[in-house]
Amino acid sequence: MRIVFMGTPEFAVPSLRALLDGGYEVAAAVTQPDRPVGRKGKLTPPPVKVFAQSRGVPVLQFERIRRPEGRTALEALQPDLFVTAAFGQILSQKVLDIPRLGTINVHASLLPAYRGSAPINWCLVNGETRTGVTTMMTDIGIDTGDMLLRDEIEIGPEENAETLTCRLAELGAGTLLRTLRALADGTLTRTPQDESAASYYPMLRKEMGRLDPALPARALHDRVRGLYPWPGAYLETAGGALKVLFSRAHDEDSGLAPGLVASADKARGLRIACGAGTLEILELQAPGGKRLPADAFLRGHPQTPGAPFAL
RNA sequence: CGCGGGGUAGAGCAGUUUGGUAGCUCGUCGGGCUCAUAACCCGGAGGUCGUGAGGUUCAAAUCCCACCCCCGCAA
């Protein structure tokens, strides 16, 4: 069975590794083009490319896989199966028609909930306590195909998108292998998604990181960890956007208007009054500055309880 | 040459506009107080002020020049 793997970020790497270690023939790894990154715009290869090359797997990169050039290259590989994992491009019907056995996708949610490109982040933002990985047959819709197998895990209360992505990536690799085994055994069953229970969440944008102090501290904390490390959460202050890297939610109300500094001392830490409870900021980054633990930040930028945040 | 911020004691910052041998908060070391403390009091150590035996000046952290490094935004 000749497999063509399609994936881009760190999440996809364990799945590709599992295929290779499992003895599957991976004809090629398709991934997004190298992108300019950082202040100097250095072209940076995506994680899947780096890994594939280290294992001697041919790498293909298309700006748009749907274009004739992409289709032609894929057809030439004569694949039996496509396996996708956080690839980042939508496959056209013509592309989906290429492999004899179809396309299996590894999706980081318990479908049909959290369809879309950022399921892990949105699960955390919404304060979910359980999530998982679902393998599915890709069709022309966005994460709408028939489900195959799934694995579930609990989400830790302080877990952020970075650590959860790592866990789900490993989990998904196992789910993928079980799926392929069942496929080979002929025991694989397809379960249509229940549309009435489906939910779709959009791609992440920077402005989604804005923290509204009028919301409960719990909700703000969920957003902080759900959007870490990218696109990151931030509070708007008079001096600009204050990035909040790590936080903690407290239920006790401060009695202060949301957004004001509730405390800034060693015992209670740096806390911001919220609609309900207070948000303790553990690590932050001021405009133009580097990321700092809250206590270090306070040494150079003392805050007054009851006053607006001062940068 | 995309825009901007910054490199001052172990950490975070002030001081640079109006040049005159460096200050704050914390940490650290020693001592004291206390049933006790992340509390408080007293005392000490610790800085080539990014680099250039650069320029200007009686005098440069501060003004001028060159270079290195870091960070935010935008992509």
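Chain letters run A, B, ... following the sequence lines, proteins first, then strands; residues in each count from 1.
- With both pairing distances under 3.5 Å, B:rG23 is matched to B:rC13 as a Watson-Crick or G-U wobble pair.
- Comparing the same atom, P, in B:rC58 and in B:rG2 gives a spacing of 41 Å after rounding to whole Å.
- Rounded to whole Å, the separation between the P atoms of B:rG4 and B:rA11 comes to 29 Å.
- With both ends at atom C1', the span from B:rG15 to B:rG23 equals 7 Å, rounded to whole Å.
- With A:Glu280 contributing its side chain and A:Arg271 its backbone, the two residues share no donor-acceptor pair below 3.5 Å.
- We find that CG of A:Leu270 is positioned 17 Å from P of B:rC26, with the value rounded to whole Å.
- Heavy atoms of other residues, nucleotides or ligands lying less than 6.0 angstrom from CZ of A:Arg205 number 12 at most.
- The salt bridge (charged side-chain N to carboxylate O under 4.0 Å, His left out) analysis of residues 83-100 of chain A, with sequence neighbours excluded, yields the pairs A:Asp80-A:Arg100.
- For the pair A:Asp265 CG and B:rU25 C1', the computed distance is 14 Å after rounding to whole Å.
- Residue A:Lys266 has its side chain nearest to B:rA38 when only B:rC71, B:rA38, B:rC73 are considered.
- Looking at A:Asp143 and A:Asn105, their side chains come closer than 4.5 Å, going by heavy atoms from C-beta outward.
- Comparing B:rU34 with B:rU16, their P atoms sit 44 Å apart, to the nearest whole Å.
- B:rU17 and B:rC3 have their P atoms separated by 26 Å, with the value rounded to a whole Å.
- Atom P of nucleotide B:rG5 and atom CG of A:Leu242 are separated by 19 Å, given to the nearest angstrom.
- Separation of the C1' atoms belonging to B:rA22 and B:rA9 is 11 Å when rounded to the nearest angstrom.
- A:Tyr234 and A:Leu204 fall into different hydrophobic clusters, where Ile, Leu, Val, Met, Phe, Trp and Tyr are joined by side-chain heavy atoms under 4.5 Å apart, directly or via other members.
- Partner assigned to B:rG72 is B:rC3, using Watson-Crick or G-U wobble distances below 3.5 angstrom.
- Distance check on atom P: B:rC64 versus B:rU28 gives 40 Å, rounded to whole Å.
- The P atoms of B:rG46 and B:rG20 are separated by 25 Å, rounded to the nearest whole Å.
- Summarising the base pairing, B:rC40 is matched to B:rG32 through a Watson-Crick or G-U wobble pair whose two defining distances lie under 3.5 Å.
- The distance from the CZ atom of A:Arg71 to the CZ atom of A:Arg66 is 11.0 Å, given to the nearest 0.5 Å.
- Here B:rU51 sits opposite B:rA66 as a Watson-Crick or G-U wobble pair (both hydrogen-bonding atom distances under 3.5 Å).
- Looking at heavy atoms from C-beta onward, A:Met208 lies in side-chain contact with A:Trp122 at the 4.5 angstrom threshold.
- In this structure, A:Leu245 atom CG and B:rC71 atom C1' are separated by 13 Å, rounded to whole Å.
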Contact pattern, 5' to 3', of nucleotides 8-13 of chain B - B, S or - by protein heavy atom under 4.0 Å: ---BBS
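- Within the 4.5 Å cutoff, no side-chain heavy atoms of A:Ser15 are placed close to those of A:Val83.
- Both A:Ala267 and A:Pro287 lie close to RNA chain B; mapped to their nearest nucleotides by heavy-atom distance, the more 5′-ward contact belongs to A:Ala267.
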